[in-house]
Amino acid sequence: MVESGSVVRSSIVSSQVELHARYGGVVPEVAGRAHLDLIVPVVSAAVAEAGLEAEDIDAVAATHGPGLVGALLVGVSAAKSLALVWDVPFVAVNHLEAHLYAAFLEEPDLKMPMVVLLVSGGHTILVVMEDHLRYRVLGATLDDAAGEAFDKVARFMGLGYPGGPVIDRLSGEGDPDAVAFPRAMANDGWNFSFSGVKTAVVNHVRKNPEVSAADVAASFQEAVVDVLVDKARRAARELGAEAICLAGGVAANSRLRSRTAQVCEADGISAVIPSRAMCTDNAAMVAAVGWQRLGADGPSPLTAGADPSLQLPVALQLPVV
Ligand code: KG4
Ligand code: ZN
């Protein structure tokens with residue numbers, strides 16, 4: 001529950017990681033059913049923890065996309081029902097926009113323009129936020145998302161699911177310069193590609209079965225972080241941005257966090273690095289956008305449904321350098 005768009009009154013996160021771990025990835029049907037079981041207890045806990053009564057609630061926001069349709073439908077249907085019962089507006093929120101807003105919950109007065117690196121299991125997007133609700137998508141991955149590459153490499157190496165945290169931890173014991181994995185599209189516009197580095201890891205491990213897993217993990221992580229940070233830095237310079245901000249699950253990565261802090265310090269701009277809890281999926285960031293959108297656009301119609309392939313609106317394109 002969020003007050004005035006940025007004061008978190010309560011934040012309840014019900015993780016399904018353990019439920020999916022035994023399958024090595026998210027199973028859509030399992031996710032949808034778990035949402036159904038958990039939505040009412042989670043909403044009740046959020047209201048109770050905030051110390052509020054139903055009549056204190058001004059609006060109900062829910063993610064309506066992108067994502068798995070079963071899970072989205074549960075959230076959207078529950079939010080619409082609550083909005084009807086409480087007689088308050090319903091606001092349908094774009095999940096990617098919500099990730100962009102996570103940082104504002106910890107630092108409400110962030111200066112813009114700000115380059116945001118939105119890196120999660122499903123997305124890798126380079127965005128410039130010019131003002132509230134005004135942003136441009138500069139580039140995105142053409143194939144695997146950064147988090148997807150972490151998950152696939154970890155699965156191939158038998159490290160478990162989700163792969164990001166395991167590779168992050170293992171990398172601490174390895175040499176990031178041990179293997180020179182490719183930095184795809186490093187000097188080629190604003191888009192990314194991570195399927196090549198994943199294949200390069202697979203080929204390297206097959207050819208060198210005795211190789212140290214920690215060295216492979218550290219070298220893979222370094223290749224991914226290099227491209228992410230270099231592009232964000234170049235975009236920030238090009239646009240005269242005040243800051244580089246991290247968002248999404250991969251923003252929990254230790255190396256990405258430390259390298260972002262380093263380049264920002266060297267370039268004299270701010271590094272906006274939200275807590276790990278704010279980087280991974282949470283409802284507070286959805287409420288933050290709900291508040292912004294309600295002010296700007298008014299309530300969403302109750303006919304708004306789930307949209308599994310919703311994108312960030314693309315406005316003006318920045319020339320590729
Ligand atoms: O944003 P998120 O919680 O869920 C969505 O995909 O929407 O992101 C999950 C992704 C997974 O691919 C996971 O492996 C990755 O974030 N991740 C990490 C780390 N923690 C989570 N990747 C690298 N390093 C981490 N420490
Ligand atoms: Zn997410």
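In each ligand, atom 1 is the first atom listed, and ligand 1 is the first ligand listed. Here, residue 1 is the first one in the sequence, and each next residue gets the next number. None of the values given here were measured: they were computed from a predicted structure.
When each atom of ligand 1 is checked for a heavy atom of His99 under 4.0 Å away, the hits are 1 (O). Each of the atoms 20 (N), 26 (N) of ligand 1 lies under 4.0 Å from some heavy atom of Ala252. Near Gly147, with a cut-off below 4.0 Å to any heavy atom, the atoms of ligand 1 are 12 (O). Proximity to Gly122 (heavy-atom distance under 4.0 Å) selects the following atoms of ligand 1: 6 (O). Taking every non-hydrogen atom of Thr280 and a distance limit under 4.0 Å, the qualifying atoms of ligand 1 come out as 3 (O).
Counting non-hydrogen atoms of other residues, nucleotides and ligands closer than 6.0 Å to CG of Asp58 gives a total of 12 or fewer. The local environment of CD in Glu55 is crowded, with over 12 non-hydrogen atoms from other residues, nucleotides or ligands closer than 6.0 Å. Atom CG of Asp131 sits in a crowded spot, with more than 12 heavy atoms from other residues, nucleotides or ligands closer than 6.0 Å.
Residue Gln221 does not touch ligand 1, judged by heavy-atom distances below 4.0 Å. Counting heavy atoms closer than 4.0 Å to ligand 1, residue Asp168 contributes side-chain atoms (C-beta onward) but none from N, CA, C or O. Contacts with ligand 1 closer than 4.0 Å are made by side-chain heavy atoms of Asp151 only, the backbone lying farther away.
Pairs passing the side-chain hydrogen bond (donor to acceptor under 3.5 Å, both in side chains) check and including a residue from residues 158-170, sequence neighbours excluded, read Asp168-Ser254.
Among all heavy-atom pairs drawn from Ala146 and Val119, the shortest one is CB-CG1, 4.3 Å. In terms of heavy-atom proximity, Val74 sits nearest to Gly32 at CG2-O, 3.9 Å. Listed here is the closest heavy atom pair of Val76 and Thr63: CG2-O, 3.4 Å.
Given atom 22 (N) of ligand 1, the protein heavy atom at minimum distance is Gly164 CA, 3.2 Å. For atom 4 (O) of ligand 1, the nearest protein heavy atom (residue, atom name, distance) is Asp281 OD2, 3.4 Å. At the shortest separation from atom 24 (N) of ligand 1 among protein heavy atoms lies Asn253 ND2, 3.0 Å. The protein heavy atom nearest to atom 15 (C) of ligand 1 is Val250 CG2, 3.9 Å. Nearest protein neighbour of atom 17 (N) of ligand 1, counting heavy atoms only, is Gly249 O, 3.6 Å.
Using a 3.5 Å distance cut-off with no hydrogens or angles, the side chains of Ser193 and Asp143 do pair a donor with an acceptor.
For Lys231 and Phe192, the positive end sits near the middle of the six-membered ring, less than 6.0 Å away and at most 45° from its axis.
Taking a cutoff of 4.0 Å between a charged side-chain nitrogen and a carboxylate oxygen, Arg259 and Glu222 qualify as a salt bridge. Ion pairing of Lys198 with Glu148 is absent here, as no side-chain N (NZ or NE/NH1/NH2) approaches a carboxylate O to less than 4.0 Å.
Listed by chain and number, the protein atoms of type N/O/S under 2.8 Å from the Zn ion (ligand 2) are His95 NE2, His99 NE2, Asp281 OD1; waters are omitted.
With contacts defined as side-chain heavy-atom distances shorter than 4.5 Å, the pair Leu96/His123 qualifies. At least one side-chain heavy atom of Asn94 sits under 4.5 Å from a side-chain heavy atom of Pro66.
In the candidate list Gly163, Ser15, Gly121, Gly121 is nearest to atom 6 (O) of ligand 1, counting heavy atoms.
Residue contact annotation: His123 has no non-hydrogen atom under 4.0 Å from ligand 1.
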